[in-house]
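Contents: one structure, followed by commentary.
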Amino acid sequence: MIKVATFNINGVKARLPRLLEWLQETRPSVACLQEIKSQDEGFPIQDIEAIGYKAIWHGQKGFNGVAILADGVEPVEVRRGLEGEPEDEHSRYIEADVFGLRIACIYLPNGNPLPGPKFDYKLRWMERLRKRMREISAEEVPAIVTGDFNVIPEDKDVWSPSAMAADALMQPESRDAYARLLGDGWTDALDLHNPRGGVWTFWDYQAGAWQRDHGFRIDHALLSPEVADRLVAAGVDKEYRGREKSSDHTPVWVQIRD
DNA sequence: ATGCCAGACAATGTCTGA
């Protein structure tokens, strides 16, 4: 069984104890991290290797940054960054082959405030992502595109649709772009296993959101048809949101038959 | 209407985020 997880870590250096304990307690085969908020040279690879993982990462000063960790084997990097905007220097995409799977780890732009350049960038980035995902589909490799999509797919995926109505995460344009990915043949694994919704992956640090369970679902795992056929389970490691110095996201995982 | 909270950077505040 292969377990592929994603975790928006919100600062890999500030969160290192949480990351290491999560890896050791849940032992995912592959762990995709977002918002490492570290330059390449500051990534704590020694601590990660000390507990048996190998990794590739794409860092950036101060914010963004993504990484793919694998239990005992080095992920083979396929690409970093998306095509289409050569001037875009945000570290938001890294892709690798590992355990016979193509894994893409993404940190999709938030898009707030809107309207404005950040929302425009989000929508352009989603179209660039779609183009890459269609290329992966054409390869017909078993693939998982996972990470922080910064899209609340449907009203059932948020504690209060009205409270979030003006947010970039649930604008019709954001949702339509996400729906187009699914329309291309990708399966939202967590949604498949929780069709009635009510499953959150993010709770804001502010306004007591965690205590009030004011969360929403923005961390996703999209499966190619070759992987969807092998899906055994999907879930959220909710308890990690309640720990000391936690990220504002929880890990999301899928289990895939060998 | 705004900030709430948090991390990084390199201040003792600013930027960024969701």
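Chain letters run A, B, ... following the sequence lines, proteins first, then strands; residues in each count from 1. Note that these values count all heavy atoms, side chains included, but never hydrogens, waters or copies made by symmetry.
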Distance, rounded to the nearest Å, where A:Q206 contributes CD and B:dT16 contributes P: 17 Å
Sugar-phosphate, base or nothing in reach of A:K118, heavy atoms under 4.0 Å: sugar-phosphate
Interatomic distance where CZ belongs to A:F63 and C1' belongs to B:dT16 [whole Å]: 7 Å
P atoms of B:dA1 and B:dG13, separation to the nearest Å: 29 Å
Strand contacts (DNA chain B) in residues 145-165 of chain A, 4.0 angstrom heavy-atom criterion: A:D148, A:N150
Protein-nucleotide distance (A:F216, atom CZ; B:dG17, atom P), rounded to Å: 15 Å
Short N-O contact, A:D40 and A:K61, less than 4.0 angstrom: no
Other ILVMFWY residues reachable from A:W210 by side-chain steps of under 4.5 Å: A:I152, A:V158, A:W159, A:M164, A:L169, A:M170, A:W200, A:F202, A:W203, A:F216, A:I218
Whole-Å C1' distance, B:dC15 and B:dA10: 12 Å
Touch class at under 4.0 angstrom, heavy-atom based, for A:A207 against every strand present: base
Given DNA chain B, 5'-ward residue of the pair A:D204 and A:A14, judged by closest heavy atom: A:A14
Euclidean distance, atom NZ of residue A:K122 to atom P of B:dT16 [Å, nearest integer]: 17 Å
Under 4.0 angstrom between A:R18 side-chain N/O and B:dA6 OP1 or OP2: no
Any side-chain donor near an acceptor of the partner, A:R241 and A:T250, under 3.5 Å: no
Whichever hydrophobic residues join A:M1 through chains of side-chain contacts under 4.5 Å: A:V232
Any residue of residues 31-46 of chain A with a heavy atom less than 4.0 Å from an atom of DNA chain B: A:E35, A:K37
Residue closer to the 5' end of DNA chain B, A:V12 versus A:Y205 (nearest nucleotide): A:Y205
Basic-acidic side-chain contact under 4.0 Å: A:D188, A:R217: yes
Euclidean distance, atom CG of residue A:L19 to atom P of B:dG7 [Å, nearest integer]: 15 Å
Determine all donor-acceptor pairs shorter than 3.5 Å in which one atom belongs to a side chain in residues 78-90 of chain A; sequence neighbours excluded.
residue	atom	partner	partner atom	Å
A:R79	NH2	A:E83	OE2	3.3
A:R80	NE	A:E77	OE2	2.6
A:R80	NH1	A:W57	O	3.4
A:R80	NH2	A:W57	O	3.1
A:R80	NH2	A:E77	OE1	2.8
A:R80	NH2	A:E77	OE2	3.4
A:E85	OE1	A:R124	NH2	3.4
A:E85	OE2	A:R124	NE	2.6
A:D88	OD1	A:H90	N	3.1
A:D88	OD1	A:Y121	OH	3.0
A:D88	OD2	A:Y121	OH	2.9
A:D88	OD2	A:R128	NH1	2.9
A:H90	ND1	A:R92	NE	3.1
A:H90	ND1	A:R92	NH2	3.2
A:H90	ND1	A:Y121	OH	3.4

side-chain N/O A:K13 vs B:dC9 OP1/OP2, d < 4.0 Å: yes
Report all interatomic pairs (protein N or O, nucleotide N or O of nucleotides 10-13 of chain B) with separations under 3.5 Å.
residue	atom	partner	partner atom	Å
B:dA10	OP1	A:K61	NZ	3.2

Separation of atom CG in A:N8 from atom C1' in B:dA6, rounded to whole Å: 12 Å
Polar contact flag, side-chain donor to acceptor under 3.5 angstrom, A:S247-A:N10: no
C1' spacing across the pair B:dT16 / B:dA11, given as an integer number of angstrom: 16 Å
Side-chain H-bond candidate by donor/acceptor type, A:N8 with A:E35, under 3.5 Å: yes
Shortest non-hydrogen contact from A:R27 toward A:D71: NH2-OD1, 3.0 Å
Presence of salt bridge, A:E139 and A:R102, under 4.0 angstrom: yes
Heavy-atom closest contact (A:A166 atom, A:Q171 atom, distance): C-NE2, 3.4 Å
Rounded C1' spacing from B:dT12 to B:dA8 in Å: 15 Å
Electrostatic pair A:R243-A:E25, nearest N-O below 4.0 angstrom: yes
Interatomic distance where CG belongs to A:N112 and P belongs to B:dC15 [whole Å]: 18 Å
Sugar-phosphate, base or nothing in reach of A:N10, heavy atoms under 4.0 Å: sugar-phosphate
Nucleotide B:dA6, atom C1' - distance to NZ of A:K245 in whole Å: 8 Å
Short side-chain donor-acceptor distance under 3.5 Å, A:N64 and A:K37: no
